Amino acid sequence: MDATVTVKEAQSVGPQTVAITMQSPPAFTAKPGQFLRVTATIDDEEYARFYTISSPDVEETIEITVGIDPSDAGPFSQYLADIESGSKLSIAGPFGQHYYEDSDRAVVLAGGPGIGPAVGIGDAAGAAGNEVAIVYVSETATPAHRPRLNALADAGNNVTIFTTASDSQSGIVPPEFDDAVADIITGASTEQTFVYGFEGFIEAATDALESASINPDEAKIENFG
Ligand SMILES: Cc1cc2nc3c(=O)[nH]c(=O)nc-3n(C[C@H](O)[C@H](O)[C@H](O)COP(=O)(O)OP(=O)(O)OC[C@H]3O[C@@H](n4cnc5c(N)ncnc54)[C@H](O)[C@@H]3O)c2cc1C
């Protein structure tokens, strides 16, 4: 589906991270973890980038979570960082097969803005009465989406947060990451593992899955680039 939508709210949800809530087009359906192509004209030039849905559903509104790389922010994330409610965006989608399908237990490994689909899946799992476990490597000293992560932890879900906190370490995981992944993955048939983030994080998460004797081919992995 292609549509032009109105931004209802743009809210900082952590350092260098903004959650953008858009009006859902009529009859639009999508699952958390699927992504949209978002198009806008910036300084007379048209740009398109992909953003993953971070709301648990898209019935009234769609939320995406945008990370602004402190060391290497490009034109589109900078544009979205300053977008205001009432602005128009063109969207297409949803795309992707790496979305939540109501598994009894979801394990989400999230790097940087990969926290968007992590909280989207977490909230969808909570609404369905299912369990989620999240290992989140934040690129900033203060993690993003803290209230939603706290609520998931308060509901009894396992939430582990690491902060790399240094621009030069962007995408690199701390030494404790592999053990944290091994601790939360059970390998049960009712469990689905998801990985969301940029290339460096995807590589580290794939290594951690292999170290935990989990076949990465069975995980749903979305590489942000
Ligand atoms: C399937 C898919 C889903 C995506 N979902 C999201 C999402 O939910 N949220 C989101 O913020 N981005 C997501 N992205 C990335 C997004 O599409 C853009 O690439 C990103 O916002 C940078 O666009 P730009 O124009 O600002 O920078 P560009 O000029 O396009 O890129 C600048 C450089 O910075 C890198 N980069 C940008 N941000 C980061 C970061 N935080 N950490 C490490 N490297 C970074 C890019 O890979 C690139 O090398 C997704 C990409 C894909 C392919």
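Both counts, for ligands and for their atoms, begin at 1 and track the order of listing. Bear in mind that the values here come from a model prediction, so they are computed numbers and not experimental data.
- No side-chain donor-acceptor contact under 3.5 Å links Thr140 and Thr142.
- When non-hydrogen atoms are compared, ligand 1 lies under 4.0 Å from neither the backbone nor the side chain of Glu199.
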Practice task
For Leu89 and Ile83, run side-chain contact (heavy atoms from CB on, under 4.5 Å): C-alpha distance rounded to whole Å, both residues' side-chain angles, the deciding distance at 0.1 Å, then the answer.
Solution key: CA-CA 10 Å; Leu89 287 171; Ile83 204 162; 3.8 Å; yes
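- For the pair Ile53 and ligand 1, no heavy-atom separation below 4.0 Å is found.
- An N or O contact shorter than 3.5 Å links Phe76 to ligand 1 by distance.
- Checking only distances, Gly225 never comes within under 3.5 Å of ligand 1, N or O to N or O.
- Atoms of ligand 1 found under 4.0 Å from any heavy atom of Thr52, numbered from 1 in the order shown, are 3 (C), 4 (C), 5 (N), 6 (C), 7 (C), 8 (O).
- Those atoms of ligand 1 that come under 4.0 Å of a heavy atom in Phe35, given as number and element, are 1 (C).
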Handout entry: Asp183/Val135 under side-chain contact (heavy atoms from CB on, under 4.5 Å): CA gap, chis, key distance, verdict
Key = CA-CA 10 Å; Asp183 283 350; Val135 180; over 6 Å; no
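- Distances from ligand 1 to the non-hydrogen atoms of Gly116 include no value under 4.0 Å.
- Counting heavy atoms closer than 4.0 Å to ligand 1, residue Leu80 contributes nothing at all.
- Both Tyr51 and Val5 sit in one connected hydrophobic cluster of ILVMFWY residues. Membership requires side-chain heavy atoms under 4.5 Å apart, directly or through other members.
- For ligand 1, none of its N or O atoms has an N or O atom of Glu222 under 3.5 Å away.
- When heavy-atom distances to ligand 1 are checked against a 4.0 Å cut-off, Ile68 has no atom that comes that close, whether in backbone or side chain.
- The only member of Thr41, Thr39, Ile42, Val38 that meets side-chain contact (heavy atoms from CB on, under 4.5 Å) when paired with Tyr47 is Ile42.
- Taking only nitrogen or oxygen atoms, main chain and side chain alike, Ala73 does not reach within less than 3.5 Å of ligand 1.
- Within a 6.0 Å sphere centred on CG of Asp43, heavy atoms belonging to other residues, nucleotides or ligands number 12 at most.
- Atoms of ligand 1 found under 4.0 Å from any heavy atom of Glu139, numbered from 1 in the order shown, are 40 (C), 41 (N), 42 (N), 43 (C).
- Here Tyr136 pairs with nothing under the ring-ring contact (aromatic ring centres under 6.0 Å, His included) rule; sequence neighbours left out.
- Residue contacts with ligand 1 include Val66, since one of its heavy atoms falls under 4.0 Å from the ligand.
- Contacts between Phe224 and ligand 1, counted as non-hydrogen atom pairs separated by less than 4.0 Å, involve both the backbone and the side chain.
- Heavy atoms of Phe198 found under 4.0 angstrom from ligand 1 belong exclusively to the side chain.
- Neither the backbone nor the side chain of Gln16 has a heavy atom within less than 4.0 Å of ligand 1.
- No hydrogens or angles considered: nothing links the side chains of Gln16 and Asp69 as a donor-acceptor pair under 3.5 Å.
- Taking any N or O of Gln78, backbone or side chain, none lies under 3.5 Å from an N or O belonging to ligand 1.
- In this pair, Phe201 and Phe177 present their aromatic rings perpendicular. The plane angle is above 60°, beyond the 30 to 60° band.
- In terms of polar-atom proximity, defined here as any N/O pair under 3.5 Å, Thr65 does make such a contact with ligand 1.
- Between Glu101 and Lys220 there is a salt bridge, since at least one side-chain N of the basic residue sits less than 4.0 Å from a carboxylate O of the acidic one.
- When atom types are taken as modelled, the side chain of Gln78 and the backbone of Ala73 share a donor-acceptor pair closer than 3.5 angstrom.
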